[in-house]
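Let me begin by presenting the structure, written as structure tokens, before commenting on it.
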Protein chains: 2
Amino acid sequence: MDNLLANLTISVNEKLYVKNPETSDLGKKIIENSIILIHEIGFEAFTFKKLGERIQSNESSIYRYFESKHKLLLYLSSWYWSWIQYKLVFETNNISNPLEKLSKAIIIVTEEIKEDVSIRHIDESILNKIIICEFTKTFLTKEVDEENKKGFFLVYKSIINRITLMIEDVNPNYKYAKTLASSIVEGSLHQHYLKEHFKTITNLSESNSISDFYIDLIKKTLL
Amino acid sequence: MDNLLANLTISVNEKLYVKNPETSDLGKKIIENSIILIHEIGFEAFTFKKLGERIQSNESSIYRYFESKHKLLLYLSSWYWSWIQYKLVFETNNISNPLEKLSKAIIIVTEEIKEDVSIRHIDESILNKIIICEFTKTFLTKEVDEENKKGFFLVYKSIINRITLMIEDVNPNYKYAKTLASSIVEGSLHQHYLKEHFKTITNLSESNSISDFYIDLIKKTLL
DNA sequence: CAAATATAATAGTATTACTATCAATTACAG
DNA sequence: CTGTAATTGATAGTAATACTATTATATTTG
């Protein structure tokens, strides 16, 4: 399964880049190192100039791939959610029991990514950390509606819709399947953040997992 | 009760301002109009220069009250959560039934603020909208830990702790009281945002309230 | 090997997020 | 009601950001 994913090229909305970074060495270097640099200094302090210095390339060359750092973050997010969606589809496909299927989906969507899975230039573990800290910022902007229309959040919404269907499969009478699904996906990012920075307002820790909380929650809510 | 609140001066961590905006006309104008302007153009596009133009004052004068727009947003957030905390304490104080008490708390924390409550210079309804769009950004920064130590998020955490206690009062055996409480507070902001910008991934709407979802959730989870 | 394409280097612009200085106004204290 | 302090306003200046444009130099490919 991991090998399958490693060989897969994850495709991302074309409007997010000027030139597809997957088509060149420089492009891949941009992706690889932007992930590391954003993680190191945070998205606010991250600039194309700094990235250029790190990869021994020029600011202007990076602009040939991405219009802005916001688009780059949208690209990284989109890539991340596509990757999660593949995992979600492959790993739940053969599960027939609805509750078991939903539980597996919750694990995939909420668990911390600990290992760098692949041979690829993308370190999924660091990307996961970026998503926790930065993903919310991609849509909390004045341009959301516009960018939503352009399809920049399609994969993210698609994951939530898949989970919604799984919830409905467990209990077709539950009135808030969509809200529950979107709460799990966004809420788990938030709980990961609390675990790191606001330990006093979460019960979750290394030993007490986020997936357990949500699986307990859906069992009590849906059964 | 509304009158009581209207006359109350809500106090905010002193480290958040250079000069207390409550002590002068200009200060109050800054608060009043920053809320309106941030709501209009979003926090990213908001600058002290633009605010100065709007209130016919000077950029440099605004810097005498707040070090940066980030501190100003922290101030507004802190003010908002203090105000919510007052409502929470006053309105749940005399309720003895634990479930009823928790339900009331959930309504206070999750409901949309529709009316501008007071005679004050602060429009709570618009402030509520800002919190929905911008509050998360106050802590998703590289400076969180530092600012958390300085107590910038104390009121927010205090609200979550109060709700945690109420949850434990309903069911002392529930293992995730803190996580549930923090999920409700942050999650409701997120659901309000979805209602506005991503309608397809929430069941909530004008007629289907966020409070109902969470009250249903806690009943199923705790009873 | 020539032409096309990709990348690098440099320069330039408007805006942001401030700091510093000094002048003008207002407040308030004796 | 006047002098002093405090507040506010106006102006200027700085380093950094988020780009665009232009030209030069590599590199690829047909």
Side-chain angles (χ1 to χ4, degrees), chain A residues 14-34 37-38 40-76 121 134 137-138 140-143 146-147, chain B residues 14-34 37-38 40-76 121 134 137-138 140-143 146-147:
Chain A
E14 286 181 8
K15 287 176 197 148
L16 289 176
Y17 48 76
V18 182
K19 177 183 169 163
N20 189 343
E22 289 295 328
T23 62
S24 77
D25 278 359
L26 180 62
K28 284 174 195 162
K29 254 177 143 183
I30 290 172
I31 299 304
E32 180 182 3
N33 290 280
S34 66
L37 191 53
I38 292 172
E40 269 178 33
I41 64 176
F43 187 65
E44 275 67 39
F46 170 86
T47 67
F48 282 179
K49 199 175 179 191
K50 288 175 190 166
L51 177 60
E53 278 158 26
R54 169 179 280 256
I55 62 177
Q56 324 248 62
S57 176
N58 201 278
E59 205 190 350
S60 62
S61 304
I62 300 166
Y63 275 105
R64 294 247 165 57
Y65 287 84
F66 293 99
E67 260 173 36
S68 63
K69 66 174 185 171
H70 176 242
K71 284 269 172 76
L72 169 60
L73 184 58
L74 281 167
Y75 177 93
L76 296 176
H121 52 288
E134 319 290 1
K137 297 174 192 166
T138 63
L140 290 180
T141 69
K142 275 286 159 186
E143 296 79 31
E146 218 177 290
E147 297 187 346
Chain B
E14 285 180 10
K15 287 175 197 150
L16 289 175
Y17 48 76
V18 182
K19 179 181 166 160
N20 189 342
E22 288 295 327
T23 62
S24 75
D25 278 1
L26 179 62
K28 285 176 196 160
K29 254 176 140 179
I30 289 171
I31 299 304
E32 179 181 4
N33 290 280
S34 65
L37 191 55
I38 290 172
E40 268 178 33
I41 64 176
F43 187 65
E44 274 68 38
F46 171 85
T47 67
F48 282 180
K49 198 175 180 191
K50 289 175 190 165
L51 178 60
E53 278 159 24
R54 171 179 279 258
I55 63 177
Q56 324 249 62
S57 176
N58 200 276
E59 206 189 351
S60 61
S61 304
I62 300 166
Y63 275 104
R64 294 236 172 65
Y65 286 85
F66 293 99
E67 261 174 36
S68 62
K69 68 174 184 171
H70 176 242
K71 285 272 174 74
L72 170 59
L73 184 59
L74 280 167
Y75 178 93
L76 296 176
H121 52 288
E134 319 288 2
K137 298 172 191 168
T138 63
L140 291 180
T141 69
K142 274 286 160 187
E143 296 79 30
E146 217 177 293
E147 297 187 345

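Quick note: numbers below take in every heavy atom, side chains included, and nothing from hydrogens, waters or symmetry partners. Order of the sequence lines fixes the chain letters, A, B, ..., with proteins taken first and strands second; residue numbering starts at 1 for each chain.
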Worksheet item: What's the verdict on side chain to side chain contact (heavy atoms under 4.5 Å, CB included) for A:Ile31 and A:Tyr75, showing C-alpha distance, side-chain angles and the deciding distance?
Response: CA-CA 9 Å; A:Ile31 299 304; A:Tyr75 177 93; 3.5 Å; yes

Discussion item. Under the criterion side chain to side chain contact (heavy atoms under 4.5 Å, CB included), I'd like the reasoning laid out for A:Leu26 against A:Ile62: C-alpha separation, chi angles, the key distance, then a yes or no.
Written reply: CA-CA 8 Å; A:Leu26 180 62; A:Ile62 300 166; 5.9 Å; no

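Applying the 4.0 Å criterion to OP1 and OP2 of C:dA27, one finds that B:Ser24 has every side-chain N and O outside that range. OP1 or OP2 of C:dA8 lies within a sub-4.0 Å distance of a side-chain N or O belonging to A:Ser57. Side-chain N/O atoms of B:Tyr65 include none lying less than 4.0 angstrom from OP1 or OP2 on D:dT7.
Atoms CG (B:Leu73) and C1' (C:dA17) sit 16 Å apart, rounded to a whole Å. Separating the CD atom of A:Glu53 from the P atom of C:dA9 is a distance of 12 Å, rounded to the nearest angstrom. Between B:Arg54 atom CZ and D:dG9 atom C1' there is a gap of 20 Å when expressed in whole angstrom units. At whole-Å resolution of the value, NZ in B:Lys19 and C1' in D:dT8 are 9 Å apart. Atom CG of B:Asn58 and atom P of C:dA24 are 15 Å apart (whole Å). Following rounding to the nearest Å, A:Ile62 (CD1) and C:dT7 (P) show an atom-to-atom distance of 11 Å. As rounded to whole Å, 15 Å separates atom P of C:dA6 from atom CZ of A:Phe66. Rounded to an integer number of Å, the gap from B:Arg64 CZ to C:dT21 C1' is 10 Å.
Here the shortest heavy-atom pairing between B:Leu16 and B:Lys71 reads O-CB, 3.7 Å. Residues B:Tyr63 and B:Val18 come closest through the heavy atom pair O-CG2, 4.3 Å. Of all non-hydrogen atoms in A:Lys29 and A:Ile55, the two that sit nearest each other are NZ-O, 3.5 Å.
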Discussion item. Walk along nucleotides 14-20 of chain D from 5' to 3' and tag each nucleotide B, S or - by protein heavy-atom contact under 4.0 Å, base first, then sugar-phosphate.
Written reply: ---SSBB

Worksheet item: Along nucleotides 25-30 of chain D, 5' to 3', which nucleotides get a B, which get an S, and which get a -, given that the test is a protein heavy-atom distance under 4.0 Å?
Response: ------

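Aromatic ring pairs are classed by plane angle as parallel below 30°, tilted from 30° to 60° and perpendicular above 60°; the pair B:Phe48 and B:Phe46 is perpendicular.
One N or O on the side chain of B:Lys69 and one on the backbone of B:Glu44 form a donor-acceptor pair closer than 3.5 Å. When atom types are taken as modelled, the side chain of B:Lys137 and the backbone of B:Leu73 share no donor-acceptor pair closer than 3.5 angstrom.
The pair A:Lys50-A:Glu40 fails the salt-bridge criterion, with no side-chain N (NZ, NE, NH1 or NH2) lying under 4.0 Å from an Asp/Glu carboxylate O.
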